[in-house]
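I have placed the structure first, in the form of structure tokens, so that the comments after it can refer back to it.
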Amino acid sequence: MSSDLARRPGAAWLLRSLLAILRHPSLWLVALRQVRVLAAPAWWRRAPFLPVPDAAYLRFRLVTMYGSDASPDPADIVPYLRWCRAWPHLAT
């Protein structure tokens with residue numbers, strides 16, 4: 001579905017997000033874990049051959065966060081990763 005791919009964040013968003021993560025070394029492993037956890041099953045078999053989330057899941061998460069399926073704000077990546085790091089401790 002090319003329309004789903006068009007909605008995925010672009011290279012500029014990815015660069016800004018990576019820069020935000022690089023400023024927080026304590027979140028690097030969390031970010032790698034989230035890439036692994038959120039990657040669509042068998043992502044290496046389908047274009048764009050990157051470990052990105054399933055388009056339907058990504059659309060759902062963007063709509064629940066922002067009210068639309070627009071690109072996420074890179075500034076939200078760091079708080080999200082902090083929440084992911086804290087979640088196992090909050091659940092016990």
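Quick note: residue numbers are just sequence positions, from 1. Just so you know, these numbers use all the heavy atoms, side chains as well, and skip hydrogens, waters and symmetry mates. For clarity, every value in this text was computed on a predicted model and none was experimentally measured.
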Please tell me whether Ile21 and Leu14 are part of a single hydrophobic cluster in this structure, the criterion being side-chain heavy atoms less than 4.5 Å apart.
yes

Value for CD1 (Ile77) from CD (Gln34), rounded to nearest 0.5 Å, stands at 10.5 Å

Tightest non-hydrogen contact, residues Arg46 and Ala40, listed as NH2-CB, 3.8 Å

**More than 12 heavy atoms from other groups under 6.0 Å of CZ on Phe60** = no

Interatomic distance, CG@Leu38 vs SG@Cys84, rounded to 0.5 Å, equals 7.5 Å

When rounded to the nearest 0.5 Å, the distance separating CG of Leu19 from CZ of Arg16 is 9.5 Å

Quick one, Trp44 and Pro51 - any side-chain contact, counting heavy atoms below 4.5 Å?
no

With clusters defined by side-chain heavy atoms of hydrophobic residues (ILVMFWY) lying less than 4.5 Å apart, directly or transitively, does Trp87 cluster with Tyr80?
yes

To the nearest 0.5 Å, atom CG of Leu81 lies from atom CH2 of Trp28 at 13.0 Å

Sorted by chain and residue number, the side chain to side chain contact (heavy atoms under 4.5 Å, CB included) partners of Arg82 (sequence neighbours excluded) come out as His24, Leu27, Val78, Arg85

Quick check: do Leu62 and Pro72 have side-chain heavy atoms less than 4.5 Å from each other?
yes

Sorted by chain and residue number, the side chain to side chain donor-acceptor pair (under 3.5 Å) partners of Asp73 (sequence neighbours excluded) come out as none

Count the heavy atoms of every other residue, nucleotide or ligand shown that sit under 6.0 Å from CG of Leu29, and state whether that count exceeds 12. no

Would you say Val52 and Trp43 make side-chain contact, with heavy atoms under 4.5 Å?
-> no

Exercise. Mind checking whether Trp83 and Leu32 sit in one hydrophobic cluster, side chains of I, L, V, M, F, W, Y counted as touching below 4.5 Å?
Worked result: no

Between the CG atom in Leu18 and the CG atom in Leu22, the distance rounded to the nearest 0.5 Å is 6.0 Å

